[in-house]
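Residues take their numbers from the sequence shown, with the count starting at 1.
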Amino acid sequence: MATPALDTPGTEFLRPDQHVIDRLAKLPAANIGDAMDRLGVADSAIQAIWPGARLAGPAFTVWTRPGDNQGIHRALELARPGDVVVVCGGGDESRALLGELIGERAINLGLAGFALDGAARDAEALGEIGMPVFARAITPAGPYKNGPSRLGTPISFGGVPVLPGDIIIGDSDGIVVIPREQAASVADAAEAVFDDETNRRRAIVAARHQN
């Protein structure tokens with residue numbers, strides 16, 4: 001008997017309130033990580049592939065065979081504007097899961113960006129068009145397109161569990177994952193961390209100028 005297809009079990013899922021996403025987007029990833037007791041921080045090898053790239057949005061999850069981007073092409077058909085396509089690619093660094101062409105399509109669709117536990121390419125071009133991509137590596141080698149893949153399923157991303165609808169925040173330090181149901185309380189705690197650090201920094205600067 002053939003195994004039933006379970007490739008899109010959760011492509012319709014609850015997304016967090018945009019106001020909460022906007023609050024978290026204004027905060028450094030480091031402050032958010034501190035507010036979550038340093039949990040939810042993805043592997044430090046996963047970084048922005050061009051300077052200044054930032055991510056903020058609900059996770060649209062993709063689980064794919066390493067080096068294969070069939071699932072990403074399918075995700076482009078189902079993800080909503082503002083989503084971050086988050087890909088469990090097995091940490092593979094040998095094949096780029098996406099490049100400029102997928103980036104251009106994502107801009108047309110209004111996606112917030114991509115987070116890849118895998119590789120990307122066309123880093124300079126993606127920076128020029130302003131499509132945020134975070135990846136484990138950069139390589140010119142292209143992907144396979146055969147599958148299999150799963151969309152809208154719980155995944156592991158850089159050692160962190162990600163459910164569809166969790167909030168992804170990325171900046172120059174890396175990526176943090178905020179569980180959707182905890183987003184408002186994490187935003188409260190992270191804002192408090194930010195305010196505390198801001199006040200301490202001002203005190204340090206003031207003391208320096210007094211000396």
What are the two closest non-hydrogen atoms of Val177 and Pro161, and how far apart are they? CG1-O, 4.0 Å

Looking at Ala115 and Ile175, what are the two nearest heavy atoms and their distance? CB-CD1, 3.7 Å

With a 4.5 Å limit on heavy-atom distance, are the side chains of Thr64 and Ile72 in contact? no

May I ask you to decide if Lys145's main-chain N or O and Asn69's side chain share a donor-acceptor pair within less than 3.5 Å? no

Taking Thr153 for the side chain and Arg150 for the main chain, is one N or O donor matched with an acceptor at less than 3.5 Å? no

Do you reckon Leu76 sits in the same ILVMFWY cluster as Leu116, going by side-chain contacts under 4.5 Å, direct or chained? yes

Is Ile169 reachable from Ile21 through a run of I, L, V, M, F, W or Y residues, each pair having side-chain heavy atoms under 4.5 Å apart? yes

Any luck finding a side-chain donor-acceptor pair between Asn31 and Glu197 under 3.5 Å? yes

Distance (rounded to the nearest 0.5 Å) between Ile32 CD1 and Arg23 CZ: 10.5 Å

Work out which heavy atom in Ala184 is nearest to a heavy atom in Val20; give both atom names and the distance. N-CG1, 3.9 Å

Rounded distance (nearest 0.5 Å) linking atom CG of Leu109 with atom CD1 of Ile102: 11.0 Å

Determine whether the side chains of Glu104 and Asn108 contain a donor N or O and an acceptor N or O closer than 3.5 Å. no

Give me the atom names and distance for the closest heavy-atom approach of Arg105 to His73. NH1-ND1, 3.0 Å

Asp122 meets the side chain to side chain contact (heavy atoms under 4.5 Å, CB included) criterion, sequence neighbours left out, with Glu100, Ala125

With sequence neighbours excluded, what pairs up with Arg202 under the salt bridge (charged side-chain N to carboxylate O under 4.0 Å, His left out) test? none

Which residues share a salt bridge (charged side-chain N to carboxylate O under 4.0 Å, His left out) with Arg38, sequence neighbours left out: Asp34

Heavy atoms, side chains only, cut-off 4.5 Å: are Val85 and Leu111 in contact? yes

I'd like to know if Val133 and Ile129 are part of one continuous hydrophobic network [Ile/Leu/Val/Met/Phe/Trp/Tyr, side-chain heavy atoms within less than 4.5 Å]. yes

With sequence neighbours left out, what residues match Asp196 under salt bridge (charged side-chain N to carboxylate O under 4.0 Å, His left out)? Arg200

Closest approach of Leu151 and Gly71, non-hydrogen atoms and distance? CD2-O, 3.5 Å

Do the side chain of Asp17 and the main chain of His19 share a donor and acceptor less than 3.5 angstrom apart? yes

Tell me whether Glu124 at atom CD has more than 12 heavy atoms from other residues, nucleotides or ligands lying less than 6.0 Å away. no

Looking at CZ of Arg65 and OG of Ser149, how far apart are the two atoms once the value is rounded to the nearest 0.5 Å? 10.5 Å

Checking the side chain of Asp171 only, and the main-chain atoms of Ala29 only, is there a donor and an acceptor separated by less than 3.5 Å? yes

Would you call Arg95 and Asp68 a salt bridge, using N to O less than 4.0 angstrom? no

Determine the minimum heavy-atom distance between Phe114 and Ala106, stating which atoms define it. CE1-CB, 3.5 Å

Side-chain donor-acceptor contacts of residues 41-60 below 3.5 Å, not counting sequence neighbours, with atom names and distances?
{"from": "Asp43", "atom 1": "OD1", "to": "Ala45", "atom 2": "N", "distance (Å)": "3.0"}
{"from": "Asp43", "atom 1": "OD2", "to": "Arg136", "atom 2": "NH1", "distance (Å)": "3.1"}
{"from": "Asp43", "atom 1": "OD2", "to": "Arg136", "atom 2": "NH2", "distance (Å)": "3.3"}
{"from": "Gln47", "atom 1": "NE2", "to": "Ser44", "atom 2": "O", "distance (Å)": "2.8"}
{"from": "Gln47", "atom 1": "NE2", "to": "Asp173", "atom 2": "O", "distance (Å)": "3.2"}
{"from": "Trp50", "atom 1": "NE1", "to": "Met131", "atom 2": "O", "distance (Å)": "2.9"}
{"from": "Arg54", "atom 1": "NH2", "to": "Ala25", "atom 2": "O", "distance (Å)": "3.2"}

Residues which pass salt bridge (charged side-chain N to carboxylate O under 4.0 Å, His left out) with Asp92, listed by chain and number, not counting sequence neighbours: none

Val186, Phe194: one ILVMFWY side-chain cluster at the under-4.5 Å cut-off? yes

Is Asp83 reaching over with its side chain to a backbone N or O of Arg80, donor-acceptor style, under 3.5 angstrom? yes

Would you call Cys88 and Trp63 a side-chain contact if the rule is heavy atoms closer than 4.5 Å? yes

Candidate pair Leu27 and Glu191, rule side-chain contact (heavy atoms from CB on, under 4.5 Å), full reasoning: CA-CA 7 Å; Leu27 298 167; Glu191 286 168 347; 3.8 Å; yes

Heavy-atom check, side chain of Glu181 versus side chain of Pro16, under 4.5 Å: no

Single-linkage hydrophobic cluster, 4.5 Å side-chain cutoff, Val62 and Tyr144 together: no

So, Arg121 versus Thr139: side-chain donor-acceptor pair below 3.5 Å or not? no

Measuring only between side-chain heavy atoms, which start at C-beta, is Val87 closer than 4.5 Å to Asp117? no

